[in-house]
Amino acid sequence: MASPERTGPASASGHTPALLPPRLLPPPLRRPLRTTALLAASAALLLGLLYAGDSGPGPADRPLLAAMDGAGPPWRGLALALDFLGEPGGAAALIALAVTVCLLLRWPRAAVLVVLGTGVPVVTTTLLKPLAGRTIHGGYLSYPSGHTAFATAFALVVALLATGRLGLGRTAGLSLLLVSALLAGVAMGAAQVALSAHYPTDTLGGWCTALALTPATAWLIDRTSDSLGPQGR
């Protein structure tokens, strides 16, 4: 378990220095997450180029679309509930709750990550949609999926904060991050496909976008906060 950071050496009076919250991106995870981010960014770019300008499902989409065709009421209700969490109202509620918890824990750096770690991937998907030009239902831009990017990014943020707070090592921390991202991405991606809002490869692109950008955002926040000195922490 990683040792917590301290504000400085023990004082002459013998008082133990105050503990600092852990970094957002634990050092043992930086290298593997950098590799993961590069692979995810490459995959998102490749998919965008492959399906640029398309207005229908590709060969990789059709088997999944056929398997999910005609989903019954219970599954559709669950899909609608998950979809709401990616809508502005649901996303704002999740972010507000997470920010409140971070501030109660006196961890403002984490609160910044909640906002930027989810916001950067979502804004990026919005900017990429017109560049990719892929459409669904006669003109709605679909690649990459912003809902899937948000769900994946939010799961990654929570997993990063839990990893740092619990002092998890490289194996446990990386496993928590990847499993959380996979579960969140599959759940939201399946919901988007079931609701015919996206093709399966759109959701894969959104998942990859979050994997590429959320850890990078955490690293940048750490670097910026550290450059500000103790007051930045």
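Keep in mind that this is a model prediction, so the values were computed, not measured. Only this structure's heavy atoms are used, side chains among them; waters, hydrogens and symmetry mates stay out.
For the atom pair L25 CG and W219 CH2, the distance stands at 9.5 Å (nearest 0.5 Å). The CG atom of L85 sits 5.5 Å away from the CE atom of M188 when rounded to the nearest 0.5 Å. For the atom pair L160 CG and R165 CZ, the distance stands at 14.0 Å (nearest 0.5 Å). In this structure, OG1 on T224 lies 9.0 Å from CZ on R109, to the nearest 0.5 angstrom. Note that CG of L174 is 11.0 Å distant from CG of L168, once rounded to the nearest 0.5 Å. Going from atom CZ of F150 over to atom CD1 of I95 covers 4.5 Å, rounded to the nearest 0.5 Å.
Counting all heavy atoms, side chain and backbone alike, A44 lies closest to Y143 at O-OH, 2.6 Å. Of all non-hydrogen atoms in Y199 and P57, the two that sit nearest each other are CE2-N, 3.5 Å. L113 and I221 get closest at one heavy-atom pair: CA-CD1, 3.6 Å. Shown here for A210 and A149, the closest heavy-atom pair between the two residues is CB-O, 3.5 Å.
No donor-acceptor pair under 3.5 Å is formed between the side chain of W207 and the backbone N or O of S145. At least one donor-acceptor pair closer than 3.5 Å links the side chain of T203 to the backbone N or O of P200.
Note: the hydrophobic cluster containing L82 does not contain L80 (ILVMFWY, side chain heavy atoms under 4.5 Å, direct or indirect links). L183 and L211 fall into different hydrophobic clusters, defined by Ile, Leu, Val, Met, Phe, Trp and Tyr side-chain heavy atoms under 4.5 Å apart, directly or through other members. Using a 4.5 Å cut-off between side-chain heavy atoms of Ile, Leu, Val, Met, Phe, Trp and Tyr, with links allowed through other members, L176 and V179 fall into different hydrophobic clusters. F154 is connected to L182 through a chain of hydrophobic side-chain contacts under 4.5 Å among Ile, Leu, Val, Met, Phe, Trp and Tyr, so both are in one cluster.
With a 4.5 Å cut-off on side-chain heavy atoms, C102 and L161 count as touching. The shortest distance between side-chain heavy atoms of T148 and Q192 falls below 4.5 Å. Using a 4.5 Å heavy-atom threshold, the side chains of D226 and R23 count as touching. V193 places none of its side-chain heavy atoms less than 4.5 Å from the side chain of L64.
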Which pairs would a plain distance check flag for residues 117-137, meaning a side-chain donor or acceptor within less than 3.5 Å of a matching protein atom at least two apart in sequence or in another chain?
{"residue": "T118", "atom": "OG1", "partner": "V114", "partner atom": "O", "Å": "2.7"}
{"residue": "T118", "atom": "OG1", "partner": "V115", "partner atom": "O", "Å": "3.3"}
{"residue": "T124", "atom": "OG1", "partner": "V120", "partner atom": "O", "Å": "2.7"}
{"residue": "T125", "atom": "OG1", "partner": "V122", "partner atom": "O", "Å": "2.7"}
{"residue": "T126", "atom": "OG1", "partner": "V122", "partner atom": "O", "Å": "3.1"}
{"residue": "K129", "atom": "NZ", "partner": "P144", "partner atom": "O", "Å": "2.7"}
{"residue": "R134", "atom": "NH1", "partner": "T201", "partner atom": "OG1", "Å": "2.7"}
{"residue": "R134", "atom": "NH1", "partner": "D202", "partner atom": "OD1", "Å": "2.9"}
{"residue": "R134", "atom": "NH2", "partner": "G56", "partner atom": "O", "Å": "3.3"}
{"residue": "R134", "atom": "NH2", "partner": "D61", "partner atom": "OD2", "Å": "2.8"}
{"residue": "H137", "atom": "NE2", "partner": "S196", "partner atom": "O", "Å": "2.5"}

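Looking at residues two or more places apart in sequence or on another chain, you find a side-chain contact (heavy atoms from CB on, under 4.5 Å) between A79 and A191, A194, L195.
Other members of the hydrophobic cluster containing L45, listed by chain and number, are L49; membership follows side-chain contacts under 4.5 Å among ILVMFWY residues, whether direct or relayed.
Residue R223 qualifies as open at atom CZ: its count of foreign heavy atoms under 6.0 Å is 12 or below.
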